[in-house]
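What follows is one structure encoded as structure tokens, with my remarks underneath.
What you see below is based on every heavy atom in this structure, not just the backbone, and it leaves out hydrogens, waters and symmetry mates. Convention: sequence-line order gives letters A, B, ...; per-chain numbering from 1.
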Amino acid sequence: AQSVSQHNHHVILSEAASLELGCNYSYGGTVNLFWYVQYPGQHLQLLLKYFSGDPLVKGIKGFEAEFIKSKFSFNLRKPSVQWSDTAEYFCAVNPLGGSYIPTFGRGTSLIVHP
Amino acid sequence: GAGVSQSPSNKVTEKGKDVELRCDPISGHTALYWYRQSLGQGLEFLIYFQGNSAPDKSGLPSDRFSAERTGGSVSTLTIQRTQQEDSAVYLCASSPISLGQGAYEQYFGPGTRLTVT
């Protein structure tokens, strides 16, 4: 069965620091990739997605992610975090040709200190 | 437009009671998912509906859990004889899946927080 690993479970940063959250998956074929964010007290929402094309994907609020097929990775980055980025971040993967049920990572809790 | 809605937002029930959780997906979305979110455990897939096809129930943890989707729209998740380990946030998501292209992004509801005492 496919799996999705988010190695950083808890990340604490100061404002203006750079952010990189890791996401690795186990499936070897073509995949759709997602990052979702859950701000405190809010519901999960899409941050960005990759289906095909340019492996560097830009999302909302200055976030970007890079798909590196050879490393089975889809890491999330932001050059300078803000206090408002404090949230839970989830990576999700769905292999094409299989079920339409994405597999989610366990999530990374990000706390940004002002 | 309206997003995914879920009701109730909070439910406290006694062990052994049955509960029903409701999800109203975004109009026109053919795919509907139920997940369970426990603290520090990420999202646990429960069940998936796609159009008029038979649902994928592979994630249901026991036969106490069931779900239905009426008219391709509203869905109800039922938990019978609730146990304390059922306490969690139950999330519903809908998606405008395009067959052959894999899963599209999901639109999540606010969730129902279930507490079994």
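Interface residue B/Tyr35: only side-chain heavy atoms are found under 4.5 Å from chain A. Only the side chain of A/Gln38 comes within contact range of chain B, with at least one heavy atom under 4.5 Å from a heavy atom of that chain. Residue contact with chain B, scored on non-hydrogen atoms closer than 4.5 Å, involves the side chain of A/Leu46 exclusively. Interface residue B/Gln106: backbone and side-chain heavy atoms are both found under 4.5 Å from chain A.
With hydrogens and angles left out, the side-chain atoms of A/Thr108 and A/Gln6 include a donor and acceptor closer than 3.5 Å. Side-chain atoms of B/Asp56 and B/Ser58 include a donor-acceptor pair closer than 3.5 Å.
Heavy-atom contacts from other residues, nucleotides or ligands closer than 6.0 Å to CD of B/Glu85 number more than 12.
Interface remark: of the candidates B/Tyr107, B/Phe108, B/Phe45, B/Phe108 forms the most heavy-atom pairs closer than 4.5 Å to chain A.
A pairwise comparison of heavy atoms in B/Ser38 and B/Ser87 identifies OG-O, 4.5 Å as the closest pair.
For the side chain to side chain contact (heavy atoms under 4.5 Å, CB included) with B/Thr112, the qualifying choice from B/Ser9, B/Cys23, B/Pro8 is B/Pro8, the only one to do so.
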